[in-house]
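Below is one structure, written out as structure tokens, with a few remarks after it.
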Amino acid sequence: MTETRTNGAGRLETDDVEDLTDLYREYGDERLPPGQRETDRFPVLSKSGTPSWGPDDALEVWGAVDDPLSLSLEAVRELPAVTQRQDFHCVTGWSKFDCAFTGVEFAEIAERADADHVMFHALDGYTTDLPLEECTRDGVLLAYGYDGEDLPPDHGGPVRVVTPHKYAYKGAKWVSGVEFLTERELGYWEKRGYSDTANPWNEERYS
Ligand SMILES: Nc1nc2c(c(=O)[nH]1)N[C@H]1C(S)=C(S)[C@@H](COP(=O)(O)O)O[C@H]1N2
Ligand SMILES: [Mo]
């Protein structure tokens with residue numbers, strides 16, 4: 001883990017780029033999950049437009065934790081950072097390979113949790129849930145950089161979650177809350193018939 005730097009050209013990146021594009025080997029033989037097609041574009045998928053992060057907004061961490069936290073964007077950017085090359089799989093059928101995300105490993109903020117589940121909350125009212133052990137593994141980031149630049153607002157900037165081992169609806173854009181839970185609850189799409197487990201290599205699309 002290295003410090004993030006903004007170099008003279010304003011690029012946001014860490015010294016090393018970890019390659020997580022072989023993560024699929026845990027789940028299947030093919031990098032492209034079944035029923036997906038690869039796209040070079042990075043489509044935007046939002047339930048209701050792009051909300052904006054206000055000057056007083058912070059990432060709130062609460063629930064089954066020893067100490068609730070309120071992290072400003074600056075505080076998030078001061079945590080140890082990584083840059084990872086990851087693939088991105090949307091449940092509607094497109095996959096984008098080789099996304100370079102910079103951010104904080106979720107495990108950094110889960111250290112003091114005494115929980116089994118996590119509910120992510122976002123500024124647009126979106127929520128999504130995951131078991132804690134599915135968010136403390138490699139690849140789950142609170143990402144604020146994309147391709148060396150600030151994460152674009154449409155893609156969830158200033159900060160979003162990415163979950164390369166799951167369909168992308170498990171990664172909340174504009175994440176503003178991390179709620180630690182002792183029992184499972186369902187998020188926005190999970191309540192509306194999408195799979196709670198969301199493993200792309202098993203085509204877990206619907207519940
Ligand atoms: N807050 C929020 N996060 C969200 C969504 C959303 O509507 N709101 N859509 C999800 C879905 S279905 C997908 S495929 C990805 C899309 O991310 P992208 O717009 O950067 O491609 O964000 C996920 N996270
Ligand atoms: Mo999606």
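Start at 1 with the first residue, then count along the sequence. Counting starts at 1 for both ligands and their atoms, following the listed order. These figures come from a predicted structure and were not determined experimentally.
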Would Lys47 count as a cation-pi partner of Tyr188, with NZ or CZ less than 6.0 Å from the six-membered ring centre and within 45° of the ring normal? yes

Identify the closest protein heavy atom to atom 16 (C) of ligand 1: which residue and atom is it, and at what distance? Leu45 O, 3.6 Å

Protein heavy-atom partner closest to atom 3 (N) of ligand 1 - residue, atom, separation in Å: Lys173 N, 2.9 Å

Which ligand 1 atoms, with their elements, are less than 4.0 angstrom from a heavy-atom of Ala122? 1 (N)

Scan side-chain atoms only and decide if Glu183 and His117 contain a donor-acceptor pair under the 3.5 Å cut-off. no

Glu38 and Ser95: side chain donor to acceptor below 3.5 Å: no

Against heavy atoms of His155, which atoms of ligand 1 measure under 4.0 Å? 18 (P), 19 (O), 20 (O), 21 (O)

A student checking ligand 1 against Val44 at a 4.0 Å heavy-atom cut-off should list atoms 19 (O)

Name the atoms and distances for all side-chain donor-acceptor pairs under 3.5 Å in residues 51-65, with sequence neighbours left out.
| unit_1 | atom_1 | unit_2 | atom_2 | d |
| --- | --- | --- | --- | --- |
| Asp57 | OD2 | Gly54 | N | 2.6 |
| Glu60 | OE1 | Ser70 | OG | 3.3 |
| Glu60 | OE2 | Ser70 | OG | 3.1 |

Numbered atoms and elements of ligand 1 in range of Arg160, under 4.0 angstrom, heavy atoms: 15 (C), 17 (O), 18 (P), 20 (O), 22 (O)

Counting the benzene-type ring for Trp, do Trp94 and Phe88 have ring centres under 6.0 Å apart? yes

Counting the benzene-type ring for Trp, do Trp201 and His89 have ring centres under 6.0 Å apart? yes

Check whether the side chains of Asp19 and Thr21 place a donor and an acceptor atom closer than 3.5 Å, and report yes or no. yes

Please report whether ligand 1 has a polar contact with Asp124, defined as an N or O pair separated by less than 3.5 Å (distance criterion only). yes

Against heavy atoms of Tyr169, which atoms of ligand 1 measure under 4.0 Å? 10 (C), 11 (C), 12 (S), 23 (C)

Determine whether the side chain, the backbone, both or neither of Pro43 has a heavy atom under 4.0 Å from any heavy atom of ligand 1. backbone

Give the residue and atom name of whichever protein heavy atom lies nearest to atom 10 (C) of ligand 1, and the separation in Å to one decimal. Tyr126 OH, 3.7 Å

Considering the heavy atoms of Phe42, write down every atom of ligand 1 situated less than 4.0 Å from one of them. 20 (O), 21 (O)

Identify which one of Asp15, Thr102, Asp16 satisfies the side chain to side chain donor-acceptor pair (under 3.5 Å) criterion when paired with Thr83. Thr102

Do His165 and Glu26 have side-chain atoms, one donor and one acceptor, less than 3.5 Å apart? no

Who else is in the cluster with Phe97 when I, L, V, M, F, W and Y are joined by side-chain contacts under 4.5 Å? Leu32

Taking distance alone, with N or O pairs closer than 3.5 Å, would you say Ser46 contacts ligand 1? no

Exercise: identify the closest heavy-atom pair between Lys191 and Leu186: CE-O, 3.4 Å

Numbered atoms of ligand 1 (with element) below 4.0 Å of Cys90, judged on heavy atoms: 14 (S)

For the 3.5 Å polar cut-off, considering only N or O atoms, please tell me whether Trp94 and ligand 1 meet it. no

Phe88 to ligand 1, any heavy atom closer than 4.0 Å: yes

State the atoms of ligand 1, each with its element, that fall below the 4.0 Å cut-off from a heavy-atom position in Lys47. 6 (C), 7 (O)

Heavy-atom nearest neighbour in the protein, as seen from atom 24 (N) of ligand 1, with distance rounded to 0.1 Å: Gly171 O, 2.8 Å

